[in-house]
Visitor: 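Sharing a structure here in structure tokens format.
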Amino acid sequence: MVMAVSFERYGRLYYLDPGEFRPRVGDKVLVPTDDGPEVAECVWAPQYVTEEIGGLPACAGIASAADLDRDEQNRQRRADARVIAKRTIRQHGLPMKVVGIDFVDRRPDIDQLVIVYFSAPHRVDFRELVRDLARALRARIELRQVGARDEARLQGGIGPCGRDLCCATFLKDFEPVSVRMAKDQDLPLNPLKISGACGRLMCCLKYEHPLYQEFNAKAPAVGSAVETPAGDGVVVGHNVPSDTVVVRLAASGRRCACSRADVCSPRQQYEASSTTTPDAAPEPPTEPPTAPPADPTNRTEQAEQGERVEQGVDGVDGVDTVGESRAERRVRKPRRRRRLHHDDEGESTQ
């Protein structure tokens with residue numbers, strides 16, 4: 001079973017093994033971290049998954065009243081530390097921006113630790129700043145400079161799509177993104193349109209790129225002539241999220257959106273073939289008509305009748321039997337000649 005928790009409201013999700021605990025959505029649980037168990041909110045209740053997932057940290061239990069009081073005190077300490085850090089940085093005149101504050105009080109080697117995450121355009125000499133912060137907060141101070149992407153992940157926000165930032169919700173690692181991915185997705189090469197809240201290329205260009213590659217490899221290219229259920233036309237665009245192709249019809253000139261399967265040649269060949277219903281019962285074989293048995297009392301009339309039957313059977317395949325021996329006709333048409341031979345044997349017994 002797997003469950004998901006979050007330390008902040010609408011923040012990044014962390015997956016846990018619930019173990020023997022069954023918390024509900026909204027319950028406070030304890031999550032094991034490097035600095036000891038921390039309180040988090042259950043976002044997804046424990047549920048079974050089809051795939052075997054191993055290596056997940058186990059839930060440390062349901063948070064008690066003492067754990068909730070400690071977590072509330074730490075939140076207040078982080079808020080106070082942010083105000084003091086901003087004021088001290090402003091007094092020193094340093095080009096630093098406070099991104100996040102982390103308060104640790106359960107590490108065995110220290111009493112209290114305040115970690116300040118900041119961003120800056122270049123390296124900053126903050127030795128004097130550390131001494132003033134340690135004196136004001138009465139705790140050990142650790143300053144960590146982060147990049148633009150980590151700044152957006154720590155702060156959170158809304159992306160150009162109107163949803164929460166991917167880096168602040170489900171993305172774990174930052175992978176390199178190139179302008180080539182934007183070209184493959186037919187996006188305008190305008191930095192304002194393909195950049196995220198961090199000012200860098202959007203992360204969604206990376207994890208959505210394989211979907212566009214698969215679509216472009218199977219869908220007809222723009223400008224190619226295709227056949228659609230509405231008539232013949234030319235491909236003028238692609239719509240990858242809906243798996244459709246935009247086609248301009250040759251007859252009316254209007255545009256229509258067709259499914260990619262409807263305009264692909266393998267689908268059209270399959271529908272045009274006569275084997276579109278492979279589960280249908282096969283048609284029974286048709287036998288050629290046979291002549292009625294002749295009167296055995298008249299041998300001359302029976303011979304003439306047998307000769308007419310042979311000519312009629314051979315005439316079906318359009319083969320001339322003039323000048324062929326009986327052995328050659330038996331080799332060429334063994335089953336049909338077997339019936340005639342049976343008639344000859346029945347005649348000879350008379």
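Because only heavy atoms are used, hydrogens play no part in the values below, and waters and symmetry mates are left out as well, while side chains stay in. Everything numeric here is computed off the predicted structure, so don't read it as measured data.
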Visitor: Does any non-hydrogen side-chain atom of Arg22 lie less than 4.5 Å from one of Met1?
Guide: yes

Visitor: Between Ser195 (side chain only) and Leu192 (backbone N and O only), is there a donor and an acceptor less than 3.5 Å apart?
Guide: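 Flag not set: sc Ser195 to bb Leu192 has no pair under 3.5 Å.
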
Visitor: Can any side-chain N or O of Gln185 pair as donor or acceptor with the backbone N or O of Leu205 at less than 3.5 Å?
Guide: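 Flag set: sc Gln185 to bb Leu205 pair under 3.5 Å.
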
Visitor: Scan residues 133-186 for pairs that pass ring pair (Phe, Tyr, Trp, His ring centres under 6.0 Å), counting only residues two or more places apart or in two chains.
Guide: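 Residue pairs with at least one partner in residues 133-186: Phe170-Tyr207.
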
Visitor: Heavy-atom distance under 4.5 Å between the side chains of Ser119 and Gln145, does that happen here?
Guide: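 No - every pair of side-chain heavy atoms lies 4.5 Å or more apart.
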
Visitor: Are Ile194 and Leu201 packed together at the side-chain level, in the sense that at least one heavy-atom pair is separated by less than 4.5 angstrom?
Guide: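 Yes, side chains in contact.
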
Visitor: Quick one: pull up CE in Met202 and NZ in Lys193 and give me the separation to the nearest 0.5 Å.
Guide: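 Separation between the atoms: 10.5 Å.
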
Visitor: With a 4.5 Å heavy-atom cut-off, do Cys203 and Arg149 have their side chains touching?
Guide: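 A side-chain contact under 4.5 Å exists here.
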
Visitor: Would you say Val146 ends up clustered with Phe126 if hydrophobic residues are merged whenever their side chains have heavy atoms under 4.5 Å apart, either directly or through other cluster members?
Guide: no

Visitor: For residues 129-139, which side-chain donor-acceptor pairs fall under 3.5 Å, sequence neighbours excluded?
Guide:
unit_1 : atom_1 : unit_2 : atom_2 : d
Arg131 : NH2    : Glu128 : OE1    : 3.0
Arg131 : NH2    : Glu128 : OE2    : 2.3
Asp132 : OD1    : Arg135 : NH1    : 3.0
Asp132 : OD2    : His92  : NE2    : 2.5

Visitor: Can you list the steps and then say if Asp105 with Arg77 is a side-chain contact (heavy atoms from CB on, under 4.5 Å)?
Guide: CA-CA 11 Å; Asp105 62 347; Arg77 291 174 181 175; 4.2 Å; yes

Visitor: I need the Arg87 CZ to Ile89 CD1 distance, nearest 0.5 Å.
Guide: 11.5 Å

Visitor: Find the distance between OH (Tyr212) and CG (Asp186) and round it off to the nearest 0.5 Å.
Guide: 8.0 Å

Visitor: Among all residues two or more places apart in sequence or in another chain, which pass the salt bridge (charged side-chain N to carboxylate O under 4.0 Å, His left out) test with Asp17?
Guide: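 Testing Asp17 for salt bridge (charged side-chain N to carboxylate O under 4.0 Å, His left out), a comparison that skips the adjacent residues, returns none.
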
Visitor: Minimum heavy-atom separation for Pro176 to Met181, with atom names?
Guide: O-CE, 3.9 Å

Visitor: Find out if a path of hydrophobic residues (ILVMFWY) with successive side-chain heavy-atom gaps under 4.5 Å connects Val5 to Ile62.
Guide: yes

Visitor: Grab the two heavy atoms, one from Pro46 and one from Pro23, that are nearest each other, plus how far apart they are.
Guide: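 Pro46 and Pro23 have their closest heavy atoms at CD-O, 3.1 Å.
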
Visitor: Hey, any chance Val49 and Leu16 share a hydrophobic cluster, counting ILVMFWY side chains that come within less than 4.5 Å of each other, even indirectly?
Guide: no

Visitor: Are any non-hydrogen side-chain atoms of Gln155 and Val99 less than 4.5 angstrom apart?
Guide: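 SC-SC contact between Gln155 and Val99 confirmed.
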
Visitor: According to side-chain hydrogen bond (donor to acceptor under 3.5 Å, both in side chains), who are the partners of Arg75, at least two apart in sequence or on a separate chain?
Guide: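 Checked Arg75 against side-chain hydrogen bond (donor to acceptor under 3.5 Å, both in side chains); matches are Asp71.
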
Visitor: Just so I know, are the side chains of Val116 and Glu142 near enough to count as touching, which here means a heavy-atom distance under 4.5 Å?
Guide: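 Not touching, per the 4.5 Å side-chain cut-off.
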
Visitor: If we ignore angles and hydrogens, is there a donor and acceptor under 3.5 Å between the side chains of Gln76 and Asp80?
Guide: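 Yes, Asp80 and Gln76 have a side-chain donor paired with an acceptor closer than 3.5 Å.
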
Visitor: Determine which pairs satisfy salt bridge (charged side-chain N to carboxylate O under 4.0 Å, His left out) with at least one residue from residues 56-68, sequence neighbours left out, and list them in order.
Guide: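 For residues 56-68: Asp67-Arg106.
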
Visitor: Check Arg248 against Gly253 and note the closest heavy-atom contact, atom names and distance.
Guide: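 Closest approach of Arg248 to Gly253: CG-O, 3.4 Å.
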
Visitor: Just do the salt bridge (Lys or Arg N to Asp or Glu O under 4.0 Å) check on Glu208 and Lys206 with the steps written out, would you?
Guide: CA-CA 6 Å; Glu208 291 180 357; Lys206 174 62 179 178; over 6 Å; no

Visitor: Could you work out, with salt bridge (charged side-chain N to carboxylate O under 4.0 Å, His left out) as the rule, every residue matching Asp184, not counting sequence neighbours?
Guide: Arg180

Visitor: Taking all non-hydrogen atoms of both residues into account, name the closest pair between Cys198 and Ala148 and its distance.
Guide: CB-O, 3.4 Å

Visitor: According to a 4.5 Å side-chain heavy-atom criterion applied to Ile, Leu, Val, Met, Phe, Trp and Tyr, with indirect links allowed, do Leu171 and Leu13 form part of one hydrophobic cluster?
Guide: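 No; Leu13 is not reachable from Leu171 via cluster members.
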
Visitor: Do any side-chain atoms of residues 232-241 form donor-acceptor pairs under 3.5 angstrom with protein atoms, and if so which ones, sequence neighbours left out?
Guide:
unit_1 : atom_1 : unit_2 : atom_2 : d
His238 : NE2    : Pro220 : O      : 2.8
Asn239 : OD1    : Ser242 : OG     : 3.4
Asn239 : ND2    : Ser242 : OG     : 3.1

Visitor: Given the rule in the side-chain contact (heavy atoms from CB on, under 4.5 Å) test, do Cys256 and Arg254 qualify, once you have shown the distances and angles that lead to the verdict?
Guide: CA-CA 7 Å; Cys256 64; Arg254 65 181 183 89; 4.0 Å; yes

Visitor: Applying salt bridge (charged side-chain N to carboxylate O under 4.0 Å, His left out), name anything that partners Glu214, two or more places apart in sequence or on another chain.
Guide: Lys218

Visitor: Please answer: with hydrophobic residues joined when any side-chain heavy atoms are less than 4.5 Å apart, are Tyr14 and Val31 in the same cluster?
Guide: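 Tyr14 and Val31: one cluster.
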
Visitor: How long is the gap from CG on Leu165 to CZ on Arg153, to the nearest 0.5 Å?
Guide: 12.0 Å

Visitor: What is the distance from atom CG of Asp243 to atom CZ of Arg260, rounded to the nearest 0.5 Å?
Guide: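 So the CG of Asp243 and the CZ of Arg260 are separated by 4.0 Å.
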
Visitor: What is the distance from atom CG of Asp69 to atom CG of Asn74, rounded to the nearest 0.5 Å?
Guide: 11.0 Å

Visitor: Cluster partners of Leu68, using ILVMFWY side-chain heavy atoms under 4.5 angstrom, listed by chain and number?
Guide: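 Answer for Leu68: Leu30, Val39.
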
Visitor: Could you tell me which residues satisfy salt bridge (charged side-chain N to carboxylate O under 4.0 Å, His left out) with Asp125, sequence neighbours excluded, listed by chain and number?
Guide: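 Counting only residues at least two positions away or on another chain, Asp125 forms a salt bridge (charged side-chain N to carboxylate O under 4.0 Å, His left out) with Arg127.
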
Visitor: Using the rule given for side-chain contact (heavy atoms from CB on, under 4.5 Å), can you reason through Arg140 versus Val114, listing the C-alpha separation, both sets of side-chain angles and the distance that settles it, and then say yes or no?
Guide: CA-CA 6 Å; Arg140 287 187 55 184; Val114 177; over 6 Å; no

Visitor: Mind checking what makes side-chain hydrogen bond (donor to acceptor under 3.5 Å, both in side chains) contact with Glu38, not counting sequence neighbours?
Guide: Arg70

Visitor: Just wondering, do Tyr117 and Val98 contact through their side chains at under 4.5 Å, heavy atoms?
Guide: no

Visitor: Do Ile101 and Phe103 have side-chain heavy atoms sitting under 4.5 Å apart?
Guide: no

Visitor: Just by modelled atom types, is the Arg24 backbone N or O under 3.5 Å from a matching donor or acceptor in the Asp27 side chain?
Guide: yes

Visitor: Does Asp34, at its CG atom, have more than 12 non-hydrogen atoms belonging to other residues, nucleotides or ligands within less than 6.0 Å?
Guide: no

Visitor: Ring pair (Phe, Tyr, Trp, His ring centres under 6.0 Å): which pairs involve residues 21-69, sequence neighbours left out?
Guide: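 Output for this query lists Tyr15-Trp44.
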
Visitor: Decide yes or no on side-chain contact (heavy atoms from CB on, under 4.5 Å) for Lys97 and Glu151, but give the supporting numbers first.
Guide: CA-CA 10 Å; Lys97 178 183 177 182; Glu151 179 182 358; 3.1 Å; yes

